[in-house]
Structure formats: structure tokens, C-alpha cells
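All remarks here apply to the structure that follows.
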Amino acid sequence: MARSVDPAAHASRREEFLDVAQRLIQTRGYAQMSVQDVLAGTEASKGAFYHYFDSKQALLEALIERTADTLAAHLAPIARLDAPALDRLQRFFAALAGWKVPRRDLLVALLRVWYGDDNAVVRQKMRPGLADRMLPLLNDIISDGAAQGVFTTPYPEQTGRVLLSLLNDLNDTLGELLLTQESQEPGAVSPPPIEAMLAAYTDAMERVLGVPAGSLLLVDPATLTAWFDPTGDRP
């Protein structure tokens, strides 16, 4: 007779593996973390681990997916607020930027893995999953804004995907700048290039949406400082 599985216990055990992996990646780095380290942290057997994950890379992919799910859950209520579309979009961007600040150490650790040459396939596989979570939220806001006459783009049904592409590219650029700064002396990445780059992406998004210049603020100065100068050492 097959043994029954308790879904709650099964999910809890899986989360425990992810929690331990997250802690190890933050403290040691992904390359230094082994499956044996995860087993030691969870007091589990290899058989138990491989019941949930096929490999160390599968564990990483699950952790990235969980992080994306958490972000989407954070953004969904904002996207569906009973408020003007432009206000919702601005709050959406602010929430997206602010959500990352308390998770900075984890995200920096994940970025080191994410942009590694040997993880190009992981990046390619994960992007569609991230888009699936974010695109419906953006589309809700944009369709409402087009109906209200706030967004004057002639392509409202395609605009969400364009914005998402710009956001992904912006995240890549910021991530690379952040990793460059992390590997160099404090202040190696000066404020003007970062802020000028943000201004360029902001201008592009405003043009795509068909809103006046100055309508959007992708990242406020305080959040930018928290990302790039958490210790206050940036000149």
C-alpha cells in the first residue's frame, strides 16, 4: 500500500531546504555551498534532498522562483488599487525598488550567480517565468490608464511587454553596476553615471506610455543610496 503524503509537511520541508540554501548563499556564496552543506543545515539525508530537487542548480532555480513569487505577491495589491493608473504605476515602481532594499545581501549574492558565465542557461530559463508573474500586473495598470486617457500610447496591449523589457534591461544594468562596485573600493561607481542611466530609462518609459516628461520616478534617491551606498561611504 502506498504511503500517503502530508501536503503541508511536504511543503514545509521543501521550504526548509530553500531557507537553508538562502542562508548559505548569503554567507558563503553559491559556488562554495555544497549539497552536503544543505543536508547538514537541514539534518536531512541525500535521498530526502533529491526527493525535492534534482540538483544543486535545481535548488537555486527554486530559490529564484520563490523570490520572484514573493515579489509578485508584494506588487499585486498595488497594481490592483482603486486609484488612477499613473499613481498605481508610480507606486508599482516604488514598491519594486523598495522591496529590494531589505533583501540587498541576498540579491547581491544571487546576482553573482545570475550573471556567472556558467548560468546563462539558468537566466534564459528563468526570464519567461518572471515575465509571467509581472506582465499581467503591468497590463492591468496600462489598460486602465489607456481607458482613462492617461496613457496615450497607440499600442496599449503591447506596452506592458515593452515596459517589462525595459525594466529587465534596467535591472541587468543596475545589477552589473552593483557587482562592479562590490568588487572595487567604495565610490568606484560614481553617482552621475547611475543617475544619468536611470534618467534615460525613465525618459524611454514615459515616451512609450505617452505621458509628459517628469511623470515617472523609477527609483527615488533614498532607495538608490540604500542600494549603492548602504554604509554611507559613497562621495
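Atom CD of Gln32 has more than 12 heavy atoms from other residues, nucleotides or ligands within 6.0 Å. Heavy atoms from other residues, nucleotides or ligands lying under 6.0 Å from CD of Glu157 number 12 at most.
With Tyr30 as the aromatic partner, Lys56 meets the cation-pi criteria of under 6.0 angstrom to the ring centre and within 45 degrees of the ring axis.
The side-chain hydrogen bond (donor to acceptor under 3.5 Å, both in side chains) search around Asn139 returns none, not counting sequence neighbours. Qualifying salt bridge (charged side-chain N to carboxylate O under 4.0 Å, His left out) partners for Asp169, counting only residues two or more places apart in sequence or in other chains: none.
Here the side chains of Ser215 and Leu86 are in contact, with some heavy-atom distance below 4.5 Å. Asp19 has its side chain out of reach of Thr42: every pair of non-hydrogen atoms, C-beta onward, lies at least 4.5 Å apart. Between Lys100 and Leu71 the shortest side-chain heavy-atom distance does not fall below 4.5 Å. In this structure, the side chains of Leu167 and Tyr201 stay at 4.5 Å or more apart for every pair of heavy atoms. Here the side chains of Leu209 and Leu89 are in contact, with some heavy-atom distance below 4.5 Å. The shortest distance between side-chain heavy atoms of His51 and Lys46 does not fall below 4.5 Å. Counting heavy atoms from C-beta on, the side chains of Asp144 and Val150 never come closer than 4.5 Å. The closest side-chain heavy-atom distance from Arg28 to Asp37 is below 4.5 Å.
The two atoms that bring Gly160 and Leu138 nearest to each other are O-CD1, 3.9 Å, heavy atoms only. Nearest heavy atom pair, residue Phe53 against residue Ala62, reads CE2-CB, 3.6 Å. Nearest heavy-atom pair across Ala85 and Ile141 is O-CG2, 3.4 Å.
Within the model, atoms OG1 of Thr67 and CG of Leu18 stand 9.0 Å from one another, a figure rounded to the nearest 0.5 Å. A distance of 11.0 Å separates OG in Ser45 from OH in Tyr50, rounded to the nearest 0.5 Å.
Formation of a donor-acceptor pair under 3.5 Å by the Glu206 side chain with backbone atoms of Gly214 is found in this model. Put simply, the side chain of Arg103 gets close to the backbone of Trp99: a donor and an acceptor are under 3.5 Å apart. Using a distance-only test at 3.5 Å, with no hydrogens or angles considered, no donor-acceptor pair links the side chain of Gln22 to the main chain of Leu63. Looking only at distances, a side-chain donor or acceptor of Thr27 sits under 3.5 Å from a matching main-chain atom of Arg23.
The side chain to side chain contact (heavy atoms under 4.5 Å, CB included) test with Val208 is passed by exactly one of Ile142, Val162, Asp203: Val162. Applying side chain to side chain contact (heavy atoms under 4.5 Å, CB included) to Met205 and the options Thr159, Leu218, Val211 leaves one that passes, Leu218.
Screening residues 68-84 for side chain to side chain donor-acceptor pair (under 3.5 Å) gives Asp69-Arg133 as the qualifying pairs, with residues at least two apart or on separate chains.
Both Met197 and Leu216 are assigned to one and the same hydrophobic cluster, defined by single-linkage of ILVMFWY side chains at heavy-atom distances under 4.5 Å. In this structure, Leu217 is not a member of the same hydrophobic cluster as Leu174, with clusters built from ILVMFWY side-chain heavy atoms closer than 4.5 Å.
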Original post:
Given Thr202 and Val219, is the side chain to side chain contact (heavy atoms under 4.5 Å, CB included) satisfied, shown in steps?
Top reply: CA-CA 9 Å; Thr202 302; Val219 184; over 6 Å; no

**OP:** Would you check, one step at a time, whether the test side chain to side chain contact (heavy atoms under 4.5 Å, CB included) holds for Val35 with Leu59?
**Re:** CA-CA 9 Å; Val35 171; Leu59 177 65; over 6 Å; no

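Ring planes of Tyr52 and Phe17: tilted class, angle from 30 to 60°.
A salt bridge is absent between Arg88 and Asp140; no separation between the charged side-chain nitrogens and carboxylate oxygens falls under 4.0 Å.
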